[in-house]
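Okay, so here's the structure we're looking at.
Every chain is numbered from 1, with letters handed out A, B, ... down the list of sequences. Computed from a predicted structure; not experimentally measured.
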There are 2 protein chains.
Amino acid sequence: MNNARFPISLHILTLMARNKGVLLSSEHIAGSININPVLVRKEISNLRNNGLVESKEGKNGGSTLAKPASDIQLSDIYHAVQQASLLGNSRNHPNPACSVGRQINVHLDNLYQEIEGALLRKLDKMTLEDFSAQFED
Amino acid sequence: MNNARFPISLHILTLMARNKGVLLSSEHIAGSININPVLVRKEISNLRNNGLVESKEGKNGGSTLAKPASDIQLSDIYHAVQQASLLGNSRNHPNPACSVGRQINVHLDNLYQEIEGALLRKLDKMTLEDFSAQFED
DNA sequence: TCATTCTGTAATTCTGTTTATTACAGTACA
DNA sequence: TGTACTGTAATAAACAGAATTACAGAATGA
């Protein structure tokens, strides 16, 4: 994960989990995270495409969880924001004339996949409810 | 890991593991990775500070492994290049007036630490020798 | 001894990515 | 019908990573 999107999405979802059934505006969420509301709306758009939140447009609109927090694994959030590889974003173009350069990306990919498996098994074990229950008022 | 440093360092060390006892120049290594030699020297400098490689200055100089590849765990390399947190680089400053904003960094840190533990247990199991033995000539 | 070939580093520039900002159409409510 | 939202595109600003330039210092060997 090469970006700050995971913590942002988790922050958004935690706010929603702790405000069950309430429509939160992007402005309000942005105020808690301290980032720009447009970025919040972009993240919410992504979470919505992944079936984690639902939104209502217009006055008094906003977004809320699309299903109970106990039905959302942290691995679901990871998958929703995940795009590049975990370790280093293999944007490298090693020299194919070198035997190491030619083969390293394959072996790196295998390694990353194995590591990501271990990570996902961890994230599978925790739900959004577990995470948000840690917060005190 | 937010950067491409892990693959670069692993590439460097793989080249050395496959050229045991030979002093490799930064120019030569840079040619295989296809990056700038100065960046290679920077990474080597870091690996040297972590006791993984040793260098010789001057004409016919270069760098080589400081110990057998079988004594270098991939977790050693991870620690050597590691600086920021694994997931997202908590450069975030959430709103302390919000109960979620106030507490989220603590809970994120705990989560990251747990995940990183799982990752390290994986990387602990593989040595540089294991990794470089996968390469064909 | 001295030219050569390396490393070690600092400083600067270049480039790509991320984030903020601006703008505005569309939707729902009251 | 005005207000308060979302959704989204386009642009600008900020930042980080990498390349490049520059040069001092070290080892070699002719």
Side-chain angles (χ1 to χ4, degrees), chain A residues 1-9 11-12 15-16 19 22-31 33-50 53-64 66 81-85 87-95, chain B residues 1-9 11-12 15-16 19 22-50 52-64 66 81-85 87-95:
Chain A
M1 189 118 50
N2 300 306
N3 50 39
R5 290 183 55 203
F6 180 80
I8 288 176
S9 280
H11 195 143
I12 292 171
L15 286 169
M16 291 178 180
N19 291 277
V22 178
L23 289 172
L24 300 177
S25 75
S26 61
E27 187 94 19
H28 177 252
I29 295 171
I33 309 181
N34 205 17
I35 59 174
N36 194 283
V38 175
L39 185 53
V40 172
R41 296 206 282 270
K42 267 186 198 157
E43 281 310 313
I44 285 178
S45 167
N46 178 55
L47 295 171
R48 188 171 50 243
N49 292 337
N50 283 269
V53 313
E54 52 192 24
S55 308
K56 190 183 165 196
E57 296 187 7
K59 193 171 181 180
N60 300 327
S63 301
T64 189
V81 301
Q82 172 80 2
Q83 43 198 4
S85 177
L87 308 141
N89 36 7
S90 297
R91 206 185 316 86
N92 53 350
H93 301 291
N95 186 348
Chain B
M1 188 118 51
N2 301 307
N3 51 38
R5 289 183 56 202
F6 180 81
I8 288 176
S9 281
H11 195 143
I12 292 171
L15 286 169
M16 291 179 179
N19 291 277
V22 178
L23 289 171
L24 300 177
S25 74
S26 62
E27 186 95 19
H28 177 251
I29 296 170
S32 170
I33 309 181
N34 205 18
I35 58 173
N36 194 283
V38 175
L39 185 53
V40 171
R41 296 207 281 270
K42 268 186 197 155
E43 280 311 313
I44 284 177
S45 167
N46 177 57
L47 294 171
R48 189 172 49 243
N49 291 338
N50 283 271
L52 301 181
V53 314
E54 51 194 24
S55 308
K56 191 184 165 196
E57 297 187 5
K59 192 172 180 180
N60 299 329
S63 301
T64 189
V81 302
Q82 173 80 1
Q83 44 197 4
S85 176
L87 307 141
N89 37 5
S90 298
R91 204 186 316 86
N92 51 351
H93 301 292
N95 187 348

Heavy-atom pair with the smallest gap, counting every atom of [X] and [Y]:
X	Y	result
A:Asn19	A:Leu15	ND2-O, 2.7 Å
B:Asn46	B:Arg5	ND2-NH2, 3.1 Å
B:Ser9	B:Leu47	OG-CD2, 3.8 Å
A:Glu43	A:Ile8	CG-CG2, 3.8 Å

With sugar-phosphate meaning primed atoms plus P, OP1 and OP2, does B:Leu23 contact a base, only sugar-phosphate, or nothing at under 4.0 Å between heavy atoms? nothing
Quick one: side chains of residues 32-42 of chain B, donor-acceptor pairs under 3.5 Å with protein atoms, not counting sequence neighbours, listed by atom name and distance.
residue: B:Ser32; atom: OG; partner: B:His11; partner atom: NE2; Å: 2.8
residue: B:Asn34; atom: ND2; partner: A:His93; partner atom: O; Å: 2.9
residue: B:Asn36; atom: OD1; partner: B:Val38; partner atom: N; Å: 2.9
residue: B:Arg41; atom: NH1; partner: B:Ser26; partner atom: OG; Å: 3.0

What integer distance in Å separates [X]:[atom1] from [N]:[atom2]?
X	N	atom1	atom2	result
B:Arg5	D:dA19	CZ	P	14 Å
A:Ile33	C:dA20	CD1	P	10 Å
A:Ile29	D:dC5	CD1	P	12 Å
B:Ile8	D:dG17	CD1	P	11 Å
B:Glu43	D:dA19	CD	P	11 Å
A:Asn36	D:dA10	CG	P	18 Å
A:Asn92	C:dG16	CG	C1'	16 Å
B:Leu39	C:dT15	CG	P	17 Å

Got A:Met16 and A:Ile44 here, is their nearest side-chain heavy-atom distance under 4.5 Å?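 Contact flag for A:Met16/A:Ile44 side chains = yes.
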In the 5'-to-3' direction, what one-character label does each nucleotide of nucleotides 5-14 of chain C receive under the scheme B = base within less than 4.0 Å of a protein heavy atom, S = sugar-phosphate only, - = no such atom? BBBBBB----
